[in-house]
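The structure appears right after this line, and notes come after that.
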Amino acid sequence: MAVVSLKGLTKRFGADVAAVRDLTLEVRHGEVLSLLGPSGCGKTTTLRLVAGFLDPDAGEIWVGDRRLSAPGVTVPPERRGMSMIFQSYAVWPHKTVAENVAYGLKFRDVPRIEVPKRVRDALALVRLELLADRYPGELSGGQQQRVALARALVVEPQILLLDEPLSNLDANLREEMRFELRRLHEELGITTLYVTHDQAEAMVTSDRIAVMREGGVEQVGTPREIYDTPATAFVARFVGGANLLAGVLDDRGQVRIADGLALRPRDVGGFGPGDAVVVAVRPHRIALVGAAGEGDANTVAGLVTRVAYFGDTVDVQVALAASGPSLRLAAPPDVGVTVGDRVTLAIRPDACIVLPAR
Ligand code: ATP
């Protein structure tokens with residue numbers, strides 16, 4: 001079973017930088033798990049530790065019942081049963097597509113007679129069979145990335161490691177390739193660790209997402225769990241975006257924010273009166289309404305300070321008080337508000353996610 005277990009992993013660079021801190025995580029057999037987080041949070045360092053390019057300062061890496069890394073013990077990368085794909089496709093410019101893919105087998109124990117078939121099969125998987133004799137310079141960026149993918153797959157790895165594999169592609173191609181990577185995974189079922197800072201990419205390609213922050217894991221869950229029930233304000237903001245309002249829970253189940261502003265959530269979680277909390281509200285869960293409000297929704301008044309048109313939505317920023325917080329909402333394209341309008345917002349209790357203050 002290709003279960004990858006990271007146990008209390010720590011990696012320092014010099015005295016000051018702990019790029020990965022006491023990280024514990026399991027990649028289940030046959031799943032795609034993404035490491036998602038902002039630049040510098042330790043994603044690539046974690047992947048390089050798993051690949052065996054770096055040694056941990058503390059902690060261990062296991063695949064099934066094989067210990068691959070521990071301080072002073074490192075199985076070399078080529079003996080880990082893993083293939084890694086980098087964001088720079090790293091294909092050889094002077095070799096054809098087929099030769100690039102065959103190169104993946106050069107240091108493996110594959111009988112020469114089998115090589116052409118293995119290469120053909122790998123190219124078929126990524127739908128490049130007709131371009132086998134071209135050189136990389138004659139391919140688009142997306143096709144070059146497929147060559148890198150075929151070269152990684154041709155060795156039939158037990159585990160696939162991908163480091164921002166789509167970041168060099170333009171937006172349209174990147175979107176297409178996300179679905180393509182997911183299709184390939186469904187066909188092959190290889191246990192995969194996928195590094196990205198792009199939440200849409202993580203959501204399309206992954207079974208589960210580990211959101212990373214400052215060298216550690218903040219939350220692990222399915223894309224839906226991470227989005228619908230973020231564990232922290234950091235996760236709510238990083239995945240999907242959210243307005244964050246700091247306040248204190250009162251004894252009537254309301255969160256008092258500032259200047260007489262209060263929000264009533266449906267569920268206060270495990271918090272009690274007097275607790276400092278953060279209320280997260282997704283921009284699309286805030287509606288513009290008439291002053292009478294809307295059913296049991298919280299209503300707050302404010303002043304429109306910014307409007308940006310996106311075609312499918314309008315991004316509206318509303319200041320709730322002169323010196324108080326602002327909210328961003330995603331309004332329908334025909335919303336018809338302009339800067340300077342006084343508006344009333346409705347926020348339903350179930351749109352208020354109560355999270356710990358930090
Ligand atoms: P990005 O999305 O920008 O690639 P990341 O989440 O992959 O970021 P890492 O590359 O793992 O982040 O880096 C984590 C931290 O470790 C950063 O502060 C980085 O500057 C530092 N770091 C990474 N590699 C080295 C190195 N070889 N020497 C010194 N510091 C390093």
Side-chain angles (χ1 to χ4, degrees), residues 4-27 32-61 68-72 74 76-77 80 82-90 141 145 148-149 152 159-171 173-175 177-178 181 192-206 208-221 223 226 230-241 358:
V4 185
S5 303
L6 316 184
K7 301 179 182 176
L9 216 51
T10 294
K11 179 68 191 176
R12 295 178 189 286
F13 293 109
D16 306 336
V17 184
V20 176
R21 303 170 196 214
D22 195 20
L23 186 148
T24 294
L25 184 67
E26 189 170 280
V27 191
V32 180
L33 183 123
S34 282
L35 301 178
L36 175 67
S39 183
C41 71
K43 306 178 296 288
T44 297
T45 303
T46 304
L47 199 73
R48 292 174 65 82
L49 285 162
V50 174
F53 298 136
L54 292 172
D55 289 337
D57 294 311
E60 301 187 340
I61 299 171
L68 300 184
S69 294
T74 302
R80 294 189 167 215
M82 300 178 183
S83 280
M84 183 152 168
I85 300 176
F86 303 89
Q87 74 181 67
S88 60
Y89 329 118
Q145 187 53 281
L149 203 52
I159 291 154
L160 203 52
L161 307 176
L162 295 99
D163 189 4
E164 306 262 7
L166 307 183
S167 58
N168 280 350
L169 306 179
D170 69 47
L173 196 54
R174 198 156 61 215
E175 200 191 353
M177 281 299 285
R178 287 175 195 150
L181 285 175
T192 302
L193 190 57
Y194 192 118
V195 161
T196 180
H197 61 265
D198 180 326
Q199 56 151 314
E201 197 166 308
M203 286 179 136
V204 170
T205 56
S206 313
R208 291 190 307 147
I209 296 172
V211 181
M212 284 188 70
R213 178 189 192 188
E214 294 172 6
V217 170
E218 188 96 345
Q219 184 176 5
V220 188
I226 295 279
T232 64
F234 175 84
V235 174
R237 189 190 288 255
F238 192 75
V239 182
R358 268 229 317 200

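Read the numbers this way: they start at 1 and go in the same order the structure lists the ligands and their atoms. Residues: numbered from 1 along the sequence shown.
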Worksheet entry | Polar side-chain atom of R178 near backbone of L166 as donor-acceptor pair, under 3.5 Å | no

Anything under 3.5 Å between an N or O on ligand 1 and a protein N or O? List each pair with its distance, or write none.
unit_1   : atom_1 : unit_2 : atom_2 : d
ligand 1 : 2 (O)  : K43    : NZ     : 2.9
ligand 1 : 3 (O)  : S39    : OG     : 2.6
ligand 1 : 6 (O)  : G40    : N      : 3.4
ligand 1 : 6 (O)  : C41    : N      : 3.1
ligand 1 : 6 (O)  : G42    : N      : 3.0
ligand 1 : 6 (O)  : K43    : N      : 3.0
ligand 1 : 6 (O)  : K43    : NZ     : 2.9
ligand 1 : 7 (O)  : T44    : N      : 2.8
ligand 1 : 7 (O)  : T44    : OG1    : 2.8
ligand 1 : 8 (O)  : G40    : N      : 2.8
ligand 1 : 11 (O) : T45    : N      : 2.9
ligand 1 : 11 (O) : T45    : OG1    : 2.6
ligand 1 : 12 (O) : G42    : N      : 3.3

Fill in: side-chain hydrogen bond (donor to acceptor under 3.5 Å, both in side chains) against S206, all qualifying residues, sequence neighbours excluded
S34

Item to complete: Grab the two heavy atoms, one from D55 and one from K11, that are nearest each other, plus how far apart they are.
Response: O-NZ, 2.8 Å

Worksheet item: So, for P56 and L49, which heavy atoms are closest and what is the spacing to 0.1 Å?
Response: N-CD2, 3.6 Å

Fill in: side-chain contact (heavy atoms from CB on, under 4.5 Å) partner of R208, chosen from V27, V220, V32
V220

Worksheet item: How close do L181 and P165 get, heavy atom to heavy atom, and via which atoms?
Response: CD1-CG, 4.3 Å

